[in-house]
Amino acid sequence: MPELPEVEVVRLGLVDHAVGRTVTAVTVHDVRSLRRHVAGPADFVARVTGVEIVGAARRGKYLWLQTADGDAVLCHLGMSGQFLISHPDAPTARHQRVTLDLSDGMQLRFADQRIFGGMSFSESGAELPPQIAHIARDPLDPQFDALEFDRRIRRRRTGVKRALLDQTLISGVGNIYADEALWRSKLHYARNTRHLTRREVSTLVGHVVDVMGQALAQGGTSFDALYVNVNGNSGYFDRSLQAYGREGRPCDRCGGPIRRDAFMNRSSFWCPVCQPRPRASKF
DNA sequence: GCTTGCGCCTGAATGC
DNA sequence: TGCATTCAGGCGCAAG
């Protein structure tokens, strides 16, 4: 599923294939993809039709098209969202939810199987849509403040993985990269943030940056001109994963079997040897 | 204010 | 074979 590196690859695709064009028509195939646009689909169509796209920006896993009037078309890919650049004659994509006709004759299609993602129009949101003002900067952002993150995470009273997934604390980290960064940092997912040392937080952030940077580098290589990357279901980074999805397989570091625990209605993969469960006092 | 858990969704995989 | 259930997880929201 798309996490920060995948969203960044999509943003780069939009820079190449959507920026500089005007939206000449909007077709809504499934109104559920616009549920975050509270004024309704008709209002979305009216506001987006005719906008000139002058940029594509991102914060965490949110991305938005910047318009010449200073507004934004805000998008989230959710679990399964994709943007496709297609010729109008091309067959309709499976799960195609919204279509933007562009002034160069191509179409920007938003497809989303599970409809966890969606689009909305944000007035005056070109710089930063107010709907996502609460989303923290991501660790690949040059303005990410590591000292501030250290201060805030160690003030929390929660598990370290839960904190990593909290987009108001640090954005762009999803379940997969959280498990990978924790494995590399030798931290158990339930370690209490209050008991983390500065060094542990620093190491963790470093590994988050590394794992995302590596995924981004690999994602950038598989870009196709007519397919604004991100296949919601398959990942080019799969083969590089050392914890996520590896239940029962040997840990690359110690050889012991990777374990899977239920966690927040999802899974956590961890090595019981390298990432020892914290003692009760450290929970 | 902070923390936690639920519901939204579809379709592949699994169980009976 | 066919139907029912489980599982995947980012995010907003409400409850504690």
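Per chain, numbering begins at 1; letters A, B, ... match sequence-line order.
At dC9(B), none of the side-chain N or O atoms of Q113(A) fall inside 4.0 Å of OP1 or OP2 (strictly under the cut-off). Applying the 4.0 Å criterion to OP1 and OP2 of dT3(B), one finds that R162(A) has every side-chain N and O outside that range. Distances shown here put every side-chain N or O of R36(A) at or beyond 4.0 Å from the OP1 or OP2 atom of dC11(C). Applying the 4.0 Å criterion to OP1 and OP2 of dG12(C), one finds that Y62(A) has a side-chain N or O inside that range. Dashed line: the shortest gap from a side-chain N or O of R266(A) to OP1 or OP2 of dT6(C) is not under 4.0 Å. Look at R32(A) and you won't find any side-chain N or O under 4.0 angstrom from OP1 or OP2 of dC8(B). The phosphate of dG10(C) (OP1 or OP2) has no side-chain N or O of H76(A) nearer than 4.0 angstrom. OP1 or OP2 of dT4(B) sits under 4.0 Å from a side-chain N or O of T158(A). Contact check, H134(A) against dC11(C): no side-chain N or O comes under 4.0 Å of OP1 or OP2. Of the side-chain N and O atoms in S267(A), one or more sit less than 4.0 angstrom from OP1 or OP2 of dA8(C).
The CD1 atom of I135(A) sits 14 Å away from the C1' atom of dC13(C) (whole-angstrom rounding).
Counting any heavy atom pair closer than 4.0 Å across all strands shown, R152(A) reaches no nucleic acid atom.
Relative orientation of the F269(A) and Y244(A) rings is perpendicular, given thresholds of 30° and 60° on the angle between their planes.
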Trace of the side chain to side chain donor-acceptor pair (under 3.5 Å) decision for T67(A) with D69(A): CA-CA 5 Å; T67(A) 79; D69(A) 292 334; 5.2 Å; no

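Residues R155(A) and M264(A) each lie close to DNA chain B; by heavy-atom proximity, the contact nearer the 5' end of the strand is made by R155(A).
Few gaps surround CZ on R151(A); more than 12 heavy atoms of other groups in view lie less than 6.0 Å from it.
Checked against a 6.0 Å centroid threshold, the rings of F44(A) and F121(A) do not count as neighbours.
In this model, no side-chain donor or acceptor of R114(A) finds a partner on the base of dG11(B) within 3.5 Å.
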